[in-house]
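A short write-up of the structure that comes next.
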Amino acid sequence: MNTSTAPVHTDGAAGERSGRPLLRRLAETPEVGVVAACVVVFAALALDKPTFAGAVNLQGMGFDLAQYGLIAIGESLVILTGGIDLSVGALLGTSVILMSWFNVRAGLPPVLAILVTLLIAGAVGLVHGLAVTRLKMPPFVVTLVTYTVAQGVTLAITSGTSITGIGGTFSDLGQTYVAQVPLPLVVFLVVAVAAWFFLERTYAGRQVYAVGGNPEAARLAGIRGDRRVVSMYVTSSLLSAFAGIMVLGRMGVGSASGVGVGWELSAIAAAVIGGVSLTGGQGRILGIVAGTVLLELINNGLTTLQINANYTNIVLGCVLGLAITADRLRARSVAGRG
């Protein structure tokens, strides 16, 4: 009887005490906002253009989401350590050309061409990580150098022309459906779940947050921060090359024109919109995936509404600006309460 009457006497106070923390937690959780934005944008576009929610358009968005989402996850892992990787887009484009060249010009089987390219991409990530941790070079500078070199390598190999005649294995990987769901999208979801498990359920994942949130405290706690930073840069580069497999399979040719150009900005935007703090140590995979979905909805929605393509970057830039502003305001609010 006591348990049944207690809420009656303290209903207002208890409700106020329990309601405030809940609302505060919701306000401080960026995933709620971006997931809600995805639902609203999708519903609005589907109501305005019924074809937007059609199977063909959704499948097309699935292909796009996979290739952008893979580099967004890699970029986010680096940002969580307090770094940045400006090379993800250029490295993706170079990976497309390398796989094509190894397969067509060097005569390597598709699987071997993929493995060699992944090895090269992993080596690039290793160089990034060692330069940042051992030489104490700014991540912005290190990855900007790779961005420039990668674009130069792409043009040097192809002389601006496309490489044709690639093996059918690439098309199988980039254009296959699994129960009407694009295979690249399935791969992206598997990678997202693996990244979630790593960050949320493993000791090494928690160390990544610790290194990004407070490197000195992590060092004093005995965490080998350099190892975690290097591994995240390697993972980012590998995911860029992995996304290149999907892009090459979808295009069917090794094109040097515009592939991956500017994609690093979309990856950073997806991360920040999803709640990843640019200062490191804060962000979750759910938000990253939702941020990528929101960008794809906006991108595809503008195309479906036949909006001039020149305005796409303006809209995406404004969305990124709002996300960065919200990130700073949230960080100041949390710091003030702390």
Side-chain angles (χ1 to χ4, degrees), residues 29-35 37-38 64-92 121 125 128-129 132 139-140 142-143 146-147 187-202 204-213 215 225 228-243 246 260 262-296 316 319-320 323-324 326-328 330-331:
T29 303
E31 291 88 356
V32 172
V34 70
V35 170
C38 289
D64 291 337
L65 180 63
Q67 59 196 34
Y68 287 120
L70 287 173
I71 63 173
I73 291 177
E75 181 72 61
S76 300
L77 293 175
V78 171
I79 295 177
L80 285 176
T81 66
I84 195 76
D85 189 351
L86 298 180
S87 69
V88 291
L91 190 56
L92 182 150
H128 289 167
V132 171
F140 181 91
V142 175
T143 56
T146 301
Y147 170 89
V187 172
F188 165 61
L189 293 176
V190 171
V191 172
V193 171
W196 170 85
F197 182 83
F198 169 75
L199 291 174
E200 302 282 344
R201 293 292 184 269
T202 67
R206 291 191 291 272
Q207 288 182 334
V208 170
Y209 284 110
V211 170
R228 297 291 167 248
V229 172
V230 171
S231 64
M232 293 303 100
Y233 277 101
V234 172
T235 302
S236 177
S237 295
L238 287 174
L239 286 177
S240 293
F242 205 72
M246 310 301 173
W263 289 19
E264 63 281 345
L265 298 180
S266 296
I268 295 172
V272 176
I273 290 171
V276 177
S277 175
L278 288 173
T279 58
Q282 181 181 353
R284 298 196 300 176
I285 291 298
L286 174 60
I288 298 163
V289 172
T292 308
V293 171
L294 181 59
L295 285 182
E296 176 57 27
L316 295 178
V319 172
L320 177 58
I324 293 175
D327 173 60
R328 291 296 82 217
R330 185 172 61 250

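Residue numbers run from 1 in the order of the sequence given.
Annotation: side chain of V187 is in contact with side chain of M246 (closest heavy-atom distance under 4.5 Å). With contacts defined as side-chain heavy-atom distances shorter than 4.5 Å, the pair W196/R201 qualifies. Under the 4.5 Å side-chain criterion, counting only non-hydrogen atoms from C-beta, Y233 is in contact with P139. Within the 4.5 Å cutoff, no side-chain heavy atoms of D85 are placed close to those of L91. Under the 4.5 Å side-chain criterion, counting only non-hydrogen atoms from C-beta, V208 is in contact with T81. Looking at heavy atoms from C-beta onward, F188 lies in side-chain contact with V289 at the 4.5 angstrom threshold. Residues I268 and L86 meet the side-chain proximity criterion, which asks for heavy atoms closer than 4.5 Å. Counting only heavy atoms from C-beta outward, the side chains of V230 and H128 never approach each other to under 4.5 Å.
Nearest heavy atom pair, residue R284 against residue Y209, reads CA-OH, 4.0 Å. Between I73 and A195, the shortest heavy-atom distance links the atoms CG2-CB, 4.0 Å. In terms of heavy atoms, V34 sits closest to G287 at CG1-O, 4.4 Å. The minimum heavy-atom distance between S236 and V78, with the atom names listed, is CB-CG2, 3.6 Å. Here the closest non-hydrogen pair linking V88 and A267 is CG2-CB, 4.4 Å.
With rounding to the nearest 0.5 Å, the separation of CD in E264 from CD1 in I71 is 7.5 Å. Atom CD1 of I273 and atom CG of L295 lie 4.0 Å apart (nearest 0.5 Å). For the atom pair CG of L92 and OG of S237, the computed distance is 11.5 Å after rounding to the nearest 0.5 Å. Remark: T279 OG1 to I79 CD1 distance equals 10.5 Å, nearest 0.5 Å. Here the OG1-CD distance, from T235 to E75, works out to 13.0 Å after rounding to the nearest 0.5 Å.
The backbone N or O of V293 lies less than 3.5 Å from no partner atom in the side chain of Y68, so there is not a single donor-acceptor pair. A donor-acceptor pair is defined here as one N or O able to donate and one able to accept, closer than 3.5 Å; such a pair exists between the side chain of S76 and the backbone of A72. Between the side chain of S231 and the backbone N or O of R228 there is at least one donor-acceptor pair closer than 3.5 Å. Using modelled atom types, no side-chain atom of Q282 and backbone atom of G275 make a donor-acceptor pair closer than 3.5 Å.
Considering only residues two or more places apart in sequence or on other chains, L286 meets the side-chain contact (heavy atoms from CB on, under 4.5 Å) condition with E31. A search for ring-ring contact (aromatic ring centres under 6.0 Å, His included) contacts involving F242 returns nothing, not counting sequence neighbours.
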